[in-house]
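Have a look at the structure below, then the notes.
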Number of protein chains: 2
Amino acid sequence: MSDISRNGAGGGGQPGRIGIGLELDEIHMKILEVLRENGRISVAALAERVGISRANAYTRFEALRADGAIKRFTAEIDHVRAGLGITALIFVTVRQQMWKQFRAELARMPEVEYCAITTGQHDAMIQVRVSDVAAVHTMVTDRLANIPAVKATETVFILDEVLRRPYVLPSDRDRDRDRSRPSRRPVQEGAQSGVPLGKMRFVGAAEGRAALRKDD
Amino acid sequence: MSDISRNGAGGGGQPGRIGIGLELDEIHMKILEVLRENGRISVAALAERVGISRANAYTRFEALRADGAIKRFTAEIDHVRAGLGITALIFVTVRQQMWKQFRAELARMPEVEYCAITTGQHDAMIQVRVSDVAAVHTMVTDRLANIPAVKATETVFILDEVLRRPYVLPSDRDRDRDRSRPSRRPVQEGAQSGVPLGKMRFVGAAEGRAALRKDD
DNA sequence: GTTGAAATTAGTACGAA
DNA sequence: TTCGTACTAATTTCAAC
């Protein structure tokens with residue numbers, strides 16, 4: 001289980017259009033909405049909530065699963081209750097052309113919950129869950145630093161997780177737009193909103209890093 | 001749905017011990033292991049895989065749910081298929097004593113999938129999923145920058161998501177330790193592993209930020 | 001904490017609209 | 001395609017051990 005998505009750097013699909021596979025209509029989206037909130041709902045109950053027949057619900061449910069739009073069903077676990085009270089983010093600078101090795105090592109670290117390749121100052125961000133702060137230290141100095149692919153790390157602790165949505169869907173945005181922005185003007189220019197631009201910074205990829213993903 | 005966990009800054013629980021509520025034994029952990037991989041498995045099948053009777057499985061299943069160790073069941077959705085091909089991380093510096101406002105505004109932004117309060121240079125990290133790069137720009141300049149609580153932002157794009165585990169459990173670490181480290185020496189000192197310490201950096205909280213969580 | 005049997009519900013197949 | 005119904009298989013509940 002290696003790559004869980006293929007986000008191109010800048011080539012985002014048009015809103016509403018899906019590249020290959022199943023064409024997702026409004027009812028598909030409704031199904032996804034229900035399922036991300038209650039992954040254990042029966043297909044019969046799902047059909048009722050979405051407003052389609054049971055047979056149809058079974059067909060669409062299977063189609064979404066087969067197509068990969070639904071990747072899996074999972075239980076969200078309280079890691080504190082489970083004994084992993086410490087969460088940290090480790091930003092990693094990876095030596096070029098050693099991504100393959102880095103990924104292989106990641107797979108051997110069960111305390112890593114999430115890893116993403118990013119633009120900006122660092123190359124990757126990994127999120128780890130451990131039982132105590134010492135384990136973070138061990139993780140970074142003992143395990144990560146011993147990987148030749150790792151050039152440098154920077155660690156921050158997560159003090160609180162304010163929000164985690166099961167999975168964001170385009171329909172959420174539409175709903176919000178209707179609620180809080182009755183008349184939405186099209187995006188034209190960055191400075192159009194009268195916001196002091198000095199407040200924010202966009203950080204692009206370092207030189208020569210655009211090709212990194214091709215390593216494996 | 002505001003705070004999804006109560007991670008203390010440094011006060012991690014002892015490994016294996018859970019503060020309040022249900023005492024989780026080995027079988028509970030096994031149940032969680034199965035459920036995080038297959039959230040839709042029937043309790044009957046779960047009982048068989050864990051090696052207990054069905055009645056027992058039902059009891060424990062309900063206990064885990066009631067206790068909050070299982071927070072919810074959800075479907076993992078392929079955001080690219082769903083039309084949200086762009087993922088970005090926005091690091092936010094929040095004005096002190098305006099956290100409450102910041103959180104309230106977050107709740108009104110459906111494109112935010114995750115938000116954590118961190119130590120280090122910034123105060124919070126938010127992950128957003130949108131349909132195109134322009135939407136990130138709009139999000140940052142139009143929406144975030146208009147929140148008085150937001151002092152500054154720094155945005156990076158996620159090029160690829162290498163790894164996402166449903167939820168890390170302590171038993172994963174044990175399994176890994178058995179597999180790759182037959183004799184584990186106790187952690188004593190940072191420099192003990194012979195690793196060049198210059199490679200890594202731990203970033204603590206900025207001054208006066210320890211009290212931030214008490215704002216709400 | 002376990003097993004077994006009844007009641008309920010889920011999943012499948014197929015014809016009609 | 002979608003719906004409705006009838007059929008089969010499985011799950012959940014509940015009881016006794």
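Naming: A, B, ... by sequence-line order, numbering from 1 per chain.
- Remark: aromatic rings of Phe91(B) and Phe91(A) are close, center separation under 6.0 Å.
- Atom pair Asn56(A):CG and dG15(C):P shows a separation of 19 Å (rounding to whole Å applied).
- You won't find any donor-acceptor pair under 3.5 Å spanning the side chain of Arg60(B) and the base of dG1(C), going by distance alone.
- Judged by closest nucleotide on DNA chain C, Ala55(B) is the one of Tyr58(A) and Ala55(B) placed further toward the 5' end.
- The pair Arg60(B)-Asp25(B) meets the salt-bridge criterion, since a charged nitrogen lies less than 4.0 angstrom from a carboxylate oxygen.
- Close to dA10(C), at under 4.0 Å from its OP1 or OP2, lies a side-chain N or O of Ser42(A).
- Overall, the helix from dG1(C)-dC17(D) to dA17(C)-dT1(D) carries an axis bend of 30° between its ends, with five pairs at each end and the value rounded to 10°.
- Computed from coordinates, the Lys30(A) NZ to dT2(D) P distance equals 14 Å when rounded to whole Å.
- A salt bridge between Arg129(B) and Glu111(B) is absent, with no side-chain N of the basic residue lying under 4.0 Å from a carboxylate O of the acidic one.
- Paired with Ile90(B) under the rule side chain to side chain contact (heavy atoms under 4.5 Å, CB included), one option of Leu144(B), Val150(B), Val156(B), Val112(B) passes, and it is Leu144(B).
- Remark: the Arg54(A) side chain and the dG11(C) base include a donor-acceptor N/O pair separated by less than 3.5 Å.
- Counting only residues at least two apart or on different chains, no ring pair (Phe, Tyr, Trp, His ring centres under 6.0 Å) pair has a member in residues 22-45 of chain B.
- As a whole-Å value, the separation of Arg40(A) CZ from dA10(C) C1' is 13 Å.
- For the pair His79(B) and Tyr167(A), the minimum side-chain heavy-atom distance is below 4.5 Å.
- Between the C1' atom of dT1(D) and the CD atom of Glu23(A) lies a distance of 15 Å, rounded to the nearest Å.
- Atom P of nucleotide dT9(C) and atom CD of Glu48(A) are separated by 12 Å, given to the nearest angstrom.
- By the ring pair (Phe, Tyr, Trp, His ring centres under 6.0 Å) test, Phe61(B) is found to be paired with Phe73(B), residues two or more places apart in sequence or in another chain being considered.
- Rounded to whole angstrom, the span from the CD1 atom of Ile41(A) across to the C1' atom of dT9(C) amounts to 14 Å.
- Projected onto DNA chain D by closest heavy-atom contact, Ala45(B) and Ile52(A) fall at different nucleotides, the more 5' of which corresponds to Ile52(A).
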